[in-house]
Amino acid sequence: MNRQQLRALLDDVGAGNITPEAAHAQLFQVLSQQPLDDLGFARVDQHRQVRQGFPEVVFGQGKTPGQVAAIALRLVRAGHSLLVTRTTGEAYAAVAEELPDARFHELARCITLDLGTTPKGRGTILVAAAGTADLPVAEEAAVTAALMGNTVDRLYDVGVAGLHRLLREHSRLTAARVIIVVAGMEGALPSVVGGLVDVPVVAVPTSVGYGASFGGLTALLAMLNSCATGISVVNIDNGFGAAALASTINHLD
């Protein structure tokens, strides 16, 4: 039960739509759940959604398919939506044996299972990617933001090498409540977007580029040194982190 669901329950009691005894039973069921499921190799945090508004997310890289599947099953059994990032088709096959309704987003390298338990965001999160090579990171952000209850708009291949491609979509930029900008190479796109809009911009440097890009370090430093206002920067290739921040902003009243 998240904050919005708790508030709705209390409002129902106040309005007489549910008895205090029925509300007590619902709360007791939630509070009686163990906050941790100890699997030996992992301790699944079942109260993450209560504290932070979204369940624990599984980072798939470095985990075996069996480990990913075991964690995923415990989360879904507890009534949580599932997100596995940086994962593989082999891990998805193991998850699908236990959870047939799970989906694999190949480009984003994510596994999802939406149980519809996440509150909806207030506006649209626009995910803009500089080039096609940036799409795996952009899609990780888009898939994550959608699962977190947000309306997502995708604007791809609008890098600064052809600035007219971005400028012709100005109305989509200004319609968004939060914008995630994904770029490699010199990482200039977030500065351009930040100078065009009055909403928060979350910049994601990618490891795309030739040798002097230093695996995304050049883009990271460029974004951190942007002269445009209202830009925050996450780690290299961290589409998930960008989506989590953008979703938090989009859920603010």
Side-chain angles (χ1 to χ4, degrees), residues 54 57 59 83 85-86 107-110 121-148 150-210 212-252:
F54 191 79
V57 175
F59 183 69
L83 174 60
T85 65
R86 295 298 177 90
L107 185 57
R109 298 168 293 178
C110 293
R122 293 171 57 85
T124 297
I125 295 177
L126 175 69
V127 181
T132 304
D134 300 309
L135 291 190
V137 177
E139 273 299 297
E140 180 182 82
V143 168
T144 298
L147 188 66
M148 289 182 170
N150 304 282
T151 300
V152 175
D153 187 15
R154 291 167 168 85
L155 182 59
Y156 290 168
D157 198 22
V158 290
V160 298
L163 195 56
H164 60 288
R165 298 175 299 181
L166 176 70
L167 296 179
R168 70 185 297 175
E169 303 289 354
H170 186 256
S171 61
R172 291 171 66 185
L173 294 174
T174 56
R177 191 162 190 248
V178 191
I179 300 175
I180 298 171
V181 182
V182 183
M185 297 289 189
E186 82 282 28
L189 186 59
S191 292
V192 175
V193 172
L196 294 173
V197 300
D198 62 353
V199 298
V201 174
V202 184
V204 189
T206 71
S207 52
V208 171
Y210 292 105
S213 68
F214 298 109
L217 184 59
T218 295
L220 172 65
L221 295 177
M223 293 174 184
L224 287 171
N225 283 283
S226 174
C227 63
T229 58
I231 295 177
S232 62
V233 186
V234 298
N235 204 352
I236 297 169
D237 291 336
N238 190 7
F240 162 75
L245 175 58
S247 179
T248 299
I249 295 170
N250 196 38
H251 280 80
L252 294 174

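These numbers come from a predicted model, not from an experiment. For this chain, numbers begin at 1 and follow the sequence in order.
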Looking at every non-hydrogen atom in both residues, tell me the closest pair between Y156 and A142 and how far apart they are.
OH-CB, 4.1 Å
Nearest atoms (heavy-atom pairs only) where L135 meets A129:
CD2-CB, 4.0 Å
Given 3.5 Å as the limit, does a donor-acceptor pair link the side chain of R109 with the main chain of E139, or not?
no
Can you measure from CG (N238) to CG (L220) and round to the nearest 0.5 angstrom?
11.0 Å
Closest heavy-atom pair and its distance - G121, N150:
CA-OD1, 3.8 Å
Rounded to the nearest 0.5 Å, the CG atom of L83 sits from the CZ atom of F59 at a distance of 12.0 Å
Smallest heavy-atom separation, F54 atom then L147 atom, equals CE1-O, 3.6 Å
Would you find a donor on one side and an acceptor on the other, under 3.5 Å apart, between the side chain of T218 and the backbone of A212?
yes
Taking C-beta and beyond as the side chain, do V181 and I231 meet within less than 4.5 Å on heavy atoms?
no
Less than 4.5 Å apart, side chain to side chain, heavy atoms only: is that true for V160 and M185?
no
Is the shortest side-chain N to carboxylate O distance from E140 to R86 below 4.0 Å?
yes
Sub-4.5 Å side-chain heavy-atom contact between L196 and L167:
yes
Pairwise distance OG1(T151) to CG(N250) - rounded to 0.5 angstrom:
8.0 Å
Rounded at 0.5 Å granularity, tell me how far CG in L252 sits from CZ in R122.
8.5 Å
Donor-acceptor under 3.5 Å (R172 side chain, E169 main chain):
no
I'd like to know if the side chain of D237 reaches the main chain of S207, judged simply by a donor and an acceptor atom lying under 3.5 Å from each other, with no hydrogens or angles considered.
yes
Value for CG (L221) from CD (E186), rounded to nearest 0.5 Å, stands at 13.5 Å
Yes or no on side-chain hydrogen bond (donor to acceptor under 3.5 Å, both in side chains) for T124 and D153, after CA distance, side-chain angles and deciding distance?
CA-CA 7 Å; T124 297; D153 187 15; over 6 Å; no
Between P205 and V234, what is the shortest heavy-atom contact and its length?
CD-O, 3.3 Å
Might you point out which heavy atoms bring L126 and A176 nearest each other, and give the distance in Å?
CB-CB, 3.7 Å
Okay, side chain of R177, backbone of V199: is any donor-acceptor separation there less than 3.5 Å?
no
Quick check against the 3.5 Å criterion: does S213 have a side-chain atom that pairs as donor or acceptor with the backbone of Y210?
yes
Under a 4.5 Å cut-off applied to non-hydrogen side-chain atoms, are L173 and L166 in contact?
yes
D134 (side chain) donor-acceptor with A183 (main chain) under 3.5 angstrom:
no
